[in-house]
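Note: hydrogens, waters and symmetry copies are ignored here, and every other heavy atom, side chains too, is used.
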Amino acid sequence: MAGLPADIEGYREYVAARLEPLRRTAYLLCGDWHTADDLVSTALLKLLRHWRRISTMDSPDAYVRRTLLRVWLDERRRPWRREAAWSDVPDGPVAGDRSEGAADRMTILALLAELPPRRRAVLVLRYFCDLSVEETARELGCTPGTVKDR
């Protein structure tokens, strides 16, 4: 196929190994599974375009996370994202024993939703992606002091 990178199998293996963690990260950023899937799709498309260069990097994961973060921040700036929903529809049923955890997850997501985008990104990168202060600062393009302040 024209336009595909030479190492398409390497790309497929990379995506297969990291798709679910990327989806969870995107979900924590945006709070909606459908939007999270859209964000991941856009980030992976950008990854595919530059796969030849990125596949030789020491940390392609950092590139993909940074791309995902930028895609989310760009999406938040779009005018139609300023609309507020009147009611929330659950993405799926919550099974029996998981109901206690569901309440905790909903509380955490509600608290994350109240934060400004960059502060939310700091929390997701630091505590969900388990990045250091310095790695988080690199991802966000700011100083470690700014990460600590958020």
Side-chain angles (χ1 to χ4, degrees), residues 1-85 88-92 94 101-102 104-150:
M1 280 171 100
L4 290 178
D7 183 24
I8 192 68
E9 277 308 310
Y11 172 81
R12 287 181 179 152
E13 290 172 13
Y14 178 86
V15 170
R18 288 165 181 84
L19 184 60
E20 283 308 309
L22 284 171
R23 284 186 75 231
R24 285 191 301 269
T25 300
Y27 177 73
L28 288 173
L29 289 170
C30 70
D32 175 73
W33 283 112
H34 301 290
T35 304
D37 287 338
D38 291 345
L39 296 174
V40 170
S41 294
T42 302
L44 291 177
L45 181 60
K46 291 177 185 235
L47 173 66
L48 178 61
R49 288 183 190 145
H50 304 286
W51 179 248
R52 183 174 295 146
R53 178 178 51 87
I54 296 163
S55 64
T56 62
M57 296 173 116
D58 290 336
S59 180
D61 291 342
Y63 177 90
V64 175
R65 269 193 312 271
R66 190 172 25 253
T67 301
L68 183 63
L69 179 65
R70 289 179 179 158
V71 166
W72 173 64
L73 289 171
D74 287 347
E75 184 68 17
R76 296 251 334 176
R77 293 182 188 116
R78 298 193 189 277
W80 61 80
R81 290 291 174 207
R82 294 185 194 123
E83 297 176 7
D88 293 325
V89 178
D91 287 327
V94 178
D104 291 341
R105 283 190 300 275
M106 296 304 286
T107 301
I108 290 170
L109 288 173
L111 291 171
L112 281 173
E114 293 176 10
L115 296 173
R118 292 192 53 93
R119 183 168 288 173
R120 183 176 182 163
V122 166
L123 290 176
V124 170
L125 292 173
R126 286 280 291 128
Y127 299 104
F128 177 74
C129 294
D130 200 28
L131 298 183
S132 69
V133 170
E134 291 76 19
E135 291 169 325
T136 301
R138 260 194 315 276
E139 296 281 328
L140 293 171
C142 63
T143 65
T146 302
V147 171
K148 292 177 187 177
D149 286 343
R150 293 189 185 261

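Partners of Arg70 under the side chain to side chain contact (heavy atoms under 4.5 Å, CB included) rule, at least two apart in sequence or in another chain, are Arg66. By the side chain to side chain donor-acceptor pair (under 3.5 Å) test, Glu114 pairs with no residue at all, sequence neighbours left out. For the side chain to side chain donor-acceptor pair (under 3.5 Å) test, residues two or more places apart in sequence or in another chain that qualify with Glu135 are Ser132. In this structure, the side chain to side chain contact (heavy atoms under 4.5 Å, CB included) partners of Thr42, at least two apart in sequence or on a different chain, are Lys46, Val71. For the salt bridge (charged side-chain N to carboxylate O under 4.0 Å, His left out) test, residues two or more places apart in sequence or in another chain that qualify with Arg18 are Asp61. Listed by chain and residue number, Glu20, Asp37 satisfy the salt bridge (charged side-chain N to carboxylate O under 4.0 Å, His left out) test with Arg23 (two or more places apart in sequence, or in another chain). Remark: Ser59 pairs with no residue by the side chain to side chain donor-acceptor pair (under 3.5 Å) rule, at least two apart or across chains. Residues forming a ring pair (Phe, Tyr, Trp, His ring centres under 6.0 Å) with Tyr14 (at least two apart in sequence, or on another chain): Trp51. Residues passing the side chain to side chain contact (heavy atoms under 4.5 Å, CB included) test with Leu45 are Arg49, sequence neighbours excluded. Every residue two or more places apart in sequence or in another chain that forms a side chain to side chain contact (heavy atoms under 4.5 Å, CB included) with Tyr127 is listed here: Leu123.
None of Leu39, Val40, Leu69, Leu68 except one satisfies the side-chain contact (heavy atoms from CB on, under 4.5 Å) rule with Thr25; the exception is Leu68.
Scanning all heavy atoms of the two residues, the minimum distance from Leu112 to Leu28 falls at CD1-O, 3.9 Å. Nearest heavy atom pair, residue Arg65 against residue Cys129, reads CD-SG, 3.8 Å.
A distance-only check finds a donor-acceptor pair linking the side chain of Tyr11 to the backbone of Leu44 [under 3.5 Å].
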Show every donor-acceptor pair shorter than 3.5 Å between a side-chain atom in residues 141-149 and any protein atom, with sequence neighbours excluded, or say none if there are none.
from: Thr143; atom 1: OG1; to: Thr146; atom 2: N; distance (Å): 3.3
from: Thr143; atom 1: OG1; to: Thr146; atom 2: OG1; distance (Å): 2.9

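Counting heavy atoms from C-beta outward, Arg118 and Leu73 have side chains that approach closer than 4.5 Å. The closest side-chain heavy-atom distance from Val133 to Arg126 is below 4.5 Å.
Under a cut-off of 6.0 angstrom, the local environment of CE in Met106 is sparse, with at most 12 non-hydrogen atoms contributed by other residues, nucleotides or ligands.
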